[in-house]
Amino acid sequence: RAAFAVIGLVPAAAMVHNHAAMLRTRGYTVVTQPVVTAEQIDNCAMLCHDTLERQLADVEAAGIDPIEQMYRFDSICHRQRRRWDLLLPREQSASWAALVDATLAAVTPIIREAQGPAFTKIVPLMSGAVVSRPGARVQRFHVDATHAHFEVARASPSVRIYNVFVPLVDISEDGDGTMFWPAPVLDESSRALAKHILDAPDSTLDASALDAPTTPAGGLVIFDYRTIHRGLANPEAGGRERPVAYVACATGGARDDHNFPQTSVRDISLERAQA
């Protein structure tokens with residue numbers, strides 16, 4: 001997983017080619033060269049921590065247990081115990097804007113080459129962070145795409161959504177990062193997706209085919225929304241807060257309207273929260 005040489009934020013052509021080939025054939029690629037400074041990384045990590053604390057206070061004030069209940073609102077989703085997804089607009093801070101802009105600048109040439117003639121302009125969809133705290137268990141294998149997106153993407157090579165993870169702490173191989181199942185369902189139907197995930201439980205998987213790559217803080221993990229993956233466990237003993245920023249972007253007019261609902265936690269009545 002060689003880092004690419006960066007002049008400003010433009011990757012060298014040979015490395016763009018290698019990363020594009022990985023993204024096209026395996027569904028993901030890892031860029032080990034940080035795209036933002038150490039100070040910006042620290043600022044973004046603190047922003048994630050402070051934002052999560054404020055959001056959890058709002059959740060508790062609404063009458064919801066912030067740890068033991070699952071909930072989905074317009075800026076925070078508790079998708080698994082002690083693992084949260086935060087929506088953070090680009091304008092959240094100067095360091096966050098720098099991270100979003102640098103990420104888009106670095107991934108654009110890779111995605112352009114990966115798609116070839118089908119490429120259309122990249123449109124940013126959203127930015128945020130997945131924060132796990134000690135005690136978070138390993139996730140089930142899943143994809144970020146809907147079944148509808150699978151079908152549209154299968155019909156049109158220009159319609160794609162990519163998620164770009166930017167760890168804000170160093171991630172070691174097979175540590176507390178993200179595990180990928182390389183490309184078993186890209187360009188297949190949603191039925192193929194279900195077959196791969198549901199008919200192949202962990203005990204039957206070829207472990208050598210799975211990859212939980214090393215990624216330094218500020219590096220990039222670029223993956224297609226259709227790529228099967230899961231967040232790994234954050235140990236109760238010796239664990240840490242693990243913030244991973246992300247920038248989702250699309251080509252061909254693809255959209256993501258399903259990950260965050262419209263409802264604000266501050267609009268929830270106590271009666272509705274209890275229900």
Does a side-chain N-to-carboxylate-O contact under 4.0 Å join [X] and [Y]?
X    : Y    : result
E53  : R133 : yes
D144 : R230 : no
D176 : R240 : yes
D85  : R72  : no

Using atom types as modelled, flag every donor-acceptor pair under 3.5 Å from a side chain in residues 116-126 to any protein atom, sequence neighbours excluded.
| from | atom 1 | to | atom 2 | distance (Å) |
| --- | --- | --- | --- | --- |
| T120 | OG1 | G252 | N | 2.7 |

Exercise. For F223, which residues count as a ring pair (Phe, Tyr, Trp, His ring centres under 6.0 Å) partner, sequence neighbours excluded?
Worked result: F165, F180, H229

Seminar exercise, completed: Across all chains, not counting sequence neighbours, the ring pair (Phe, Tyr, Trp, His ring centres under 6.0 Å) partners of H149 are none

Could you tell me if the side chain of [Y] sits less than 4.5 Å from the side chain of [X], heavy atoms only?
X    : Y    : result
R242 : R83  : yes
I161 : N163 : no
I111 : Y162 : yes
V30  : M22  : no
T146 : D257 : no
R81  : I67  : yes

Would you compute the distance between atom [atom1] of [X] and atom [atom2] of [Y] and round it to the nearest 0.5 angstrom?
X    : Y    : atom1 : atom2 : value
L88  : L52  : CG    : CG    : 10.0 Å
I228 : L193 : CD1   : CG    : 5.5 Å
D174 : I171 : CG    : CD1   : 12.0 Å
Q55  : C48  : CD    : SG    : 11.5 Å
L186 : Y28  : CG    : OH    : 11.5 Å
L210 : M179 : CG    : CE    : 5.0 Å

For this session: Show your reasoning for whether side-chain contact (heavy atoms from CB on, under 4.5 Å) applies to R90 and D101.
Result: CA-CA 9 Å; R90 177 188 175 279; D101 293 346; 2.7 Å; yes

Hey, does the side chain of [X] reach the backbone of [Y] with a donor-acceptor pair shorter than 3.5 angstrom?
X    : Y    : answer
R160 : A153 : yes
T108 : A105 : no
Q115 : R112 : no
Q80  : R137 : yes
D256 : H258 : yes
E151 : S190 : yes
Q69  : D65  : yes
H19  : A21  : no
T51  : L47  : yes

Atom of [X], atom of [Y] and distance for their closest heavy-atom approach:
X    : Y    : answer
C249 : L104 : CB-CD2, 4.1 Å
T215 : L220 : CG2-N, 4.1 Å
I64  : F73  : CD1-CZ, 3.6 Å
Y225 : A248 : OH-CB, 3.9 Å
P109 : V16  : O-CG1, 3.5 Å
P213 : T178 : CD-O, 3.5 Å

Would you check if there is a donor-acceptor pair between the side chains of [Y] and [X] at a distance under 3.5 Å?
X    : Y    : result
S158 : S156 : yes
Y71  : W84  : yes
S127 : W96  : yes

For this session: Kindly determine whether R24 and D224 satisfy salt bridge (Lys or Arg N to Asp or Glu O under 4.0 Å), including the steps that lead there.
Result: CA-CA 9 Å; R24 186 171 54 249; D224 192 298; over 6 Å; no

Exercise. Taking the six-membered ring of F260, is NZ or CZ of R79 closer than 6.0 Å to its centre and within 45° of its axis?
Worked result: yes

Hydrophobic clustering (ILVMFWY, side-chain heavy atoms < 4.5 Å, transitive) - are [Y] and [X] grouped together?
X    : Y    : result
F141 : V138 : yes
I268 : V59  : yes
V159 : V185 : no
V131 : V169 : no

For this session: Test V143 against F150 for side-chain contact (heavy atoms from CB on, under 4.5 Å), laying out the working first.
Result: CA-CA 10 Å; V143 297; F150 261 84; 3.9 Å; yes

Problem set entry | side chain to side chain contact (heavy atoms under 4.5 Å, CB included) partner of L168, chosen from V244, D42, L99 | L99

Exercise. What do you reckon, is CD of E39 surrounded by more than 12 foreign heavy atoms closer than 6.0 Å?
Worked result: no

